[in-house]
Amino acid sequence: VEPFYFGTRDQRLFGVYHPPSVRRSPPGGVVLCYPFLQEYFRSHRAYLRLAGLLAGRGWHVLRFDYSGCGDSYGDGPREPEAWAQDLRLATRELRERAGSPRLSLIGLRLGASLAASVAPSLQPVDKLALWDPVVDGPNYVNELVSFRHAATLLPGSRRKIEQAGGNDRGVGLDVAPELLQSISRLDLAEQLKACADRILVLDTQASHSTADFARRLGEIRPNVTVKSLSEHPIWIERKRNDPRNIAVPTASLQAIVDWMSGPDA
Amino acid sequence: MREHAVVFGDESPLVGVVTEPDAGYDGHAPVFLFLNAGLTHRVGPNRLYVTLARKLTEVGVTSLRFDFSGIGDSPVSRSLGASDERGVREAIQAMDFVGRSVGAATFVPLGLCAGADIAYALATSDRRVAGAVLINASAVPSTHTKEHSAEAWKRAQAHHHGSRIADWKGWTRVLTGRSDLRGIFRSTVRLTSRAMRFDNSLKSEADLGLLPELERRGVELLAVYSEGDLGLELLMTHVRKIENLESLKRFQLEIFRETDHILTPLWTQQRIEALVLDWVARRLSVHHGASDQAVPVTSRPHEIVG
């Protein structure tokens, strides 16, 4: 892997480039879009594995941290438009490295929603894989703010945080209210009418809202593949003594890689 | 402040980020090493390590945060050995790398949870360590036997159970019939019994472990615990009472109330930032602009600069 910084001098984004380990024709690049807040931390290793699998199938792969996240510049997620700009920068960087305009995007949770919302401005986009996308913005924000999400993310922590009166937006990270407002206005389906040649919706949580979203998407555009499987969400920590406590959701990763490398790839 | 990505390591590639002041390494201050908190990659829980690394540049301190093999962006190592032993070896490789790159001679490892244990082990084994920041460590004051760990775990459970009894929301659930009363009764009997057996098994004398030796070597230690954390229970198992630590002038103990193991509330993160900066200034004599002999960074072997 090749870790590096890119972007402007004052706004440097951290990325990791995975060059292809086999030749693939035609060459193409895939940008992986991380999820948000605590989900980002928990999905990091899975993304590393996913990038390695895709590189093994001949893809140029770039993982990167949004501004205010991970190793990138900034103090915390603040500007709603900034992440979209970050993704545009990342795709430009990957297209240069790959030497090819062919581009695909994969996103998990809010990363999927971000990829979907930015994809129309990145044309052409070959494939767009939406892994358990956040399709119900208000509900997602409510989960963050109300601690319901935190209670599952950080076992044992909720009571202590509540006692401390620390109803932190974003749980442990300082998130601007404008960003939450922006998320709560999400309406993905309309944006996806003509943003990529092919779309995968991967639902691992038997989510009604994801199923509704996928059905609506299938009604308004062609080439939508819906894949459902059951796997523990990687963004929720298992109990330490749970023998099924795995850090990487292999079935989900394999489903994405198979779709990316399918006969229509 | 400037940052660049690096890859180093003798046994397998280790991925990290160097954060340094605009003027570069000042030639004097110890370099901070941020060590993985459990399986969380090098940015730290809630991005704490990134924030701290950038704050430290304001007082002229350079740092390296990196991933141990098998964590974050670093691939799994083929070398043998327990993970904590491998962690110490890889932290030594990190010091060697920074030493070669910028000429740093002294270091301050900082870790949370498992990272704190490795930081402490590093402090006890490598003379280049001038100080260490240990957040919710479980290996202080010494490497514990399994017996001690089991005892302290019981004590931590008993402490946790006591706080649950005082939780009015819990009683609300009991009174409204939403709790499993039979389960609560069984749990109460079991934990009370454990706590009583534990108290009877405690040694009477204090055991400061390796702390006096580190004191003689001049190693500064900042130990931070969340109240009720297992690591604190383990420490108290050995030292018996906090007053027994007063003879150690280089050991600073801070206990944060009403926070969790990974310091999730924002106020806790802000407090530890201030605490570390204050400790650096007072204990390590690092002040912004302390040196005008900035060392330009010209050579960084084995690294990829982004």
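Since the structure is predicted, the reported quantities are computational estimates derived from the model, not experimental observations. Every heavy atom of this structure was used, including side-chain atoms; hydrogens, water molecules and symmetry mates were not. Chain A is the first sequence line, chain B the second, and so forth, proteins listed ahead of strands; every chain is numbered from 1.
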Less than 4.0 Å between a side-chain N and a carboxylate O, is that true for B:Glu20 and B:Arg2? yes
Okay, A:Arg9 and chain B: the region with an atom under 4.5 Å from a heavy atom over there is neither
Should A:Glu93 and A:Arg97 count as an ion pair when the cut-off is N to O under 4.0 Å? yes
One option among B:Thr40, B:Ile71, B:Thr268 has the most heavy-atom pairs under 4.5 Å with chain A, and it is B:Ile71
In terms of heavy-atom proximity below 4.5 Å to chain B, should A:Tyr73 be classed as side chain, backbone, both, or neither? backbone
Can you sort out the partners of A:Arg88 under side-chain contact (heavy atoms from CB on, under 4.5 Å), two or more places apart, ordered by chain and number? A:Glu81, A:Ala84, A:Gln85, A:Val118, A:Ser121, A:Leu122
Do A:Tyr34 and A:Tyr66 have ring centres separated by under 6.0 Å? no
